[in-house]
Amino acid sequence: MTATIEKSDVTKRLRAVGAAREFGILIALLLVIIAATIANPNFLFSADGWRDLLLTPSILVLLAVGQAIVIITRNVDLSVGSVLGLSAYLCGRLFIDLEGIPIIAVFVIVIVFGGLLGLVNGALVAFAKVPSLVITLGTLYAYRGINVLWTGGDRINASDLPRDFLALGTGQILFIPILTIIALVVLAVAGWLMKNTRGGREFYAIGSDPAAAELYGLRVTRRLLTAFVLSGALAGLGGVLYAARYGTISSQAGSGWELDAVGAAVIGGVAIFGGSGTVWGAAIGAVLLLTINRALPILGIPDFWQRAVVGALIIGAIVLDRVLAIRQKRKLLEAREEGE
Amino acid sequence: MTATTTTDAAVRTYRDYDRPLWQRVLLTREMAIIALLLIVALIAIPTVRGFSQPITLTFLLLDVMPILLIALPMTLIIITGEIDLSVASIAGLASVLTGVMTQAGVPFELAAVLAIVAGAIGGAINGFLITVVGLPSLAVTIGTLALYRGLAVGLLGTTAITDFPEFWTDLAKARVGGSNIPVVLFLFLVLLVVFVVLLHFTPFGRGIYAIGLASEAARFSGVRVERTKFILFMLSGTISALAGIYYTLRYGSARGDNATGLELQVIAAVLLGGVSIFGGRGAIHGVIAGVLLIGVLASALRLANVTSDVINIITGVLLVLSVVTSSFLAWLRKRRRAPGGTPRVEASTAG
């Protein structure tokens with residue numbers, strides 16, 4: 001085998017395909033924005049339009065990043081919507097019950113709380129060796145149930161929350177909403193960690209082949225726990241931002257978001273069977289999902305059709321991934337035959 | 001008792017057959033769930049006021065009927081190791097299609113049949129993407145979950161269609177003679193017989209288990225893996241559409257958001273009933289017990305004036321407990337069988 005030359009060739013090609021994948025979604029996103037802007041310039045060129053464009057996807061981006069990390073390890077976390085709802089309510093209660101509590105303390109407490117909920121998922125998945133789909137389906141119900149039990153018919157209103165905190169939800173720094181900045185920072189950190197650190201690469205290794213990772217001596221249990229804790233903590237952070245953005249928190253906050261988060265990751269090129277994809281792709285997927293939602297009515301399509309478009313997008317994305325994978329496999333085979 | 005032997009065949013070591021017959025019959029996941037169902041019912045009858053009234057059973061059956069119906073094909077699909085998350089959306093779409101066509105002047109019967117055909121097509125699209133294009137069913141059906149629901153909501157918006165022939169809406173709630181047995185139960189029983197025979201007494205059904213245990217091995221032993229899966233997804237779409245029409249008639253309205261979230265309840269019930277998410281293991285009587293267990297708990301708690309949402313916690317915890325205990329028992333058994341030997345490492349796989 002002419003190992004060295006071929007290897008660099010292969011990695012180059014893999015990288016090229018990977019880049020193409022995220023690039024493709026970015027192009028799609030830009031096309032949607034351009035089309036909507038042509039139909040109505042206010043979509044981009046008004047203060048409100050610009051703010052909504054950045055603000056709306058911020059929270060889903062956080063969930064999609066967490067979801068991407070979990071899916072890369074060949075698991076799935078369906079409980080994120082419920083974790084977000086429970087965290088948002090906890091956040092509201094903290095402000096009400098402990099008057100004058102510093103905002104930063106609320107952030108820390110709620111993120112830790114979300115992380116703990118994620119730890120429960122992770123522990124059940126990693127120690128009991130039960131598929132995450134089942135476990136997180138169970139905790140999706142359980143966390144939502146606890147939320148409903150705790151909240152009752154009650155709800156938290158914007159008037160219950162401190163003004164400084166609500167200002168976070170609407171505030172901007174240099175024309176960029178604060179929530180978006182938070183999401184971007186998280187995204188950048190997660191993206192860097194996943195690409196460059198040993199721990200990050202181990203997530204990919206576990207997702208590509210769990211048995212091999214175990215045999216190779218990777219600490220699979222610990223990594224799985226980390227992935228779920230991260231996903232939970234990000235959903236917790238999402239809960240705080242949800243409270244800041246919307247001000248109103250009922251027991252149904254964030255319900256159904258788990259499918260949006262999984263959908264965003266899948267659209268963004270994170271393979272549902274683990275081992276490939278990036279958090280960047282998932283984040284762009286999240287932005288694309290929500291931007292399309294807002295663009296449809298402007299393009300003259302009643303917004304009732306949003307979900308249908310989202311579904312078609314998800315199907316399109318996975319079919320595209322499949323086609324790319326087959327093409328790449330064929331190319332690799334050809335490359336091998338030529339080499340011999 | 002075919003089910004018991006089926007599950008044992010999964011391991012097929014002589015040890016399993018060393019156990020006396022009564023153990024093989026009684027010490028199964030399915031029996032555990034059935035026992036749990038009986039215990040819950042027996043506790044509820046004296047303690048919850050009104051639970052022992054026959055009318056409770058009627059409403060219980062009417063309420064869980066969509067879940068019972070969809071659980072049948074879902075069981076088969078999960079046994080092959082696949083999953084179908086789009087069932088509730090197909091039910092919603094069928095509901096809307098029936099409504100829209102009825103409103104446009106199509107006779108209700110024809111509209112219902114066409115909606116069921118649409119459901120079958122929806123299922124066939126899932127099946128095509130999964131078996132021909134070769135995509136993972138989890139990803140495909142998350143996509144079609146959104147797509148079919150989107151079509152349903154898109155067609156009808158936020159309006160609802162409520163004028164259906166009284167004959168049919170009455171029939172959906174009707175009881176047999178003066179008894180408390182809902183008529184729709186017979187529809188379910190017919191389908192139940194079909195599915196039990198299909199799964200437990202035909203080569204097709206044996207193939208379903210074979211696919212779930214080892215897809216490649218099944219292919220080499222002559223099971224037509226792709227065709228089997230395709231048929232199952234089509235069946236799932238058909239039955240889901242049927243459940244959607246029942247749902248429409250039962251509540252007398254076709255809405256875009258009918259049956260939202262039902263897929264998770266169905267899957268929870270199926271897994272609770274002892275079907276392994278890894279495939280290859282499970283039986284229909286366990287699944288029926290799983291659905292009824294959730295139904296009985298919900299109805300008893302509602303009568304006891306516990307907020308109906310507590311049922312969510314219970315469903316979730318039961319689901320988690322049921323899978324955790326079964327993997328714990330498997331671990332124990334392995335320890336006992338191979339004393340001193342290290343248990344084989346099984347990496348957790350995606351769901």
Side-chain angles (χ1 to χ4, degrees), chain A residues 71 74-76 78 124-126 128-146 148-149 152 206-207 209-211 213-215 220 224 251 255-256 259 262-263 266 271-274 302 304-319 321-322, chain B residues 83 85-86 89 125 129 133-136 138-140 142-158 256 260-261 264-265 267-268 271 277-278 307-324 326-328 330-331 345-351:
Chain A
I71 295 181
R74 200 183 280 197
N75 282 288
V76 71
L78 293 181
L124 286 168
V125 171
K129 312 255 185 245
V130 179
S132 49
L133 180 73
V134 186
I135 292 294
T136 55
L137 179 60
T139 51
L140 171 141
Y141 279 120
Y143 294 161
R144 181 65 65 194
I146 294 170
V148 171
L149 201 61
I206 292 168
D209 193 336
E214 183 96 42
L215 288 175
V220 174
L224 289 184
S251 62
S255 95
L259 290 176
V262 176
V266 169
I272 200 88
F273 279 127
F304 299 126
W305 293 95
Q306 282 167 4
R307 287 195 71 84
V309 173
V310 169
L313 255 183
I314 295 178
I315 303 279
I318 51 178
V319 170
D321 276 343
R322 177 76 183 158
Chain B
I83 198 158
L85 293 175
S86 70
S89 298
I125 293 173
L129 289 169
V133 187
L135 300 169
L138 181 63
V140 168
I142 282 181
T144 49
L145 163 85
L147 179 63
Y148 298 150
R149 177 65 65 191
L151 292 177
V153 176
L155 280 172
L156 211 49
T158 49
T260 304
L264 296 184
Q265 289 179 40
I267 293 168
L271 298 178
I277 188 81
F278 295 115
T307 53
S308 61
D309 304 285
V310 176
I311 192 65
N312 277 349
I313 308 185
I314 295 174
T315 310
V317 172
L318 265 180
L319 178 60
V320 170
L321 274 186
S322 74
V323 283
V324 170
S326 78
S327 82
F328 178 70
W331 177 76
V345 177
E346 267 176 68
S348 63
T349 36

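We use all heavy atoms of the structure for the numbers below, so side chains are in, but hydrogens, waters and symmetry mates are not. The shown structure was predicted, so the numbers you read here are calculated from the model rather than taken from an experiment. Just so it is clear: chains get the letters A, B, ... in the order the sequence lines come, proteins before strands, and each one is counted from 1.
- Note on Gly154(B), Gly157(B), Gly256(B): by heavy-atom pairs under 4.5 Å with chain A, the leading option is Gly154(B).
- The shortest non-hydrogen separation linking Val319(A) to Leu129(B) is CG2-CD2, 4.0 Å.
- Within the 4.5 angstrom heavy-atom criterion, no atom of Ile71(A) approaches chain B.
- Applying the side chain to side chain donor-acceptor pair (under 3.5 Å) criterion to Thr144(B), with sequence neighbours excluded, gives Asn126(B).
- Scanning all heavy atoms of the two residues, the minimum distance from Ile272(A) to Pro136(B) falls at CG2-CG, 3.3 Å.
- Taking CG from Leu137(A) and CD1 from Ile277(B), the interatomic distance works out to 8.5 Å, rounded to the nearest 0.5 Å.
- Looking at Leu156(B), there are no atoms closer than 4.5 Å to chain A (heavy atoms on both sides), in backbone or side chain.
- Residue Leu151(B) touches chain A through both its backbone and its side chain, counting heavy-atom pairs closer than 4.5 Å.
- Contact annotation for Ser89(B): neither backbone nor side-chain heavy atoms come within less than 4.5 Å of a heavy atom of chain A.
- The heavy-atom pair separating Ala142(A) from Val317(B) by the smallest distance is CB-CG2, 4.4 Å.
- Heavy atoms closer than 4.5 Å to chain B are found in the side chain of Leu124(A), but not in its backbone.
- The nearest pair of heavy atoms linking Tyr141(A) to Ala268(B) is CE1-CB, 4.2 Å.
- Among all heavy-atom pairs drawn from Ala146(B) and Val310(A), the shortest one is CB-CG1, 4.4 Å.
- Between Val266(A) and Ile142(B) there is no side-chain heavy-atom pair separated by less than 4.5 Å.
- Judged by distance alone, with hydrogens and angles left aside, the side-chain atoms of Tyr148(B) form no donor-acceptor pair with the main-chain N or O of Gly311(A) at under 3.5 Å.
- One finds the CG atom of Leu133(A) at 6.5 Å from the CD1 atom of Ile267(B) (value rounded to the nearest 0.5 Å).
- Chosen from Leu321(B), Val140(B), Leu271(B), the residue pairing most often with chain A at heavy-atom distances under 4.5 Å is Val140(B).
- With sequence neighbours excluded, the residues satisfying side-chain contact (heavy atoms from CB on, under 4.5 Å) with Val153(B) are Phe304(A), Arg149(B).
- Here the side chains of Val262(A) and Leu138(B) are not in contact, with every heavy-atom distance at 4.5 Å or above.
- Heavy atoms only, all atoms of each residue included: Val133(B) and Arg322(A) are closest at O-NE, 2.9 Å.
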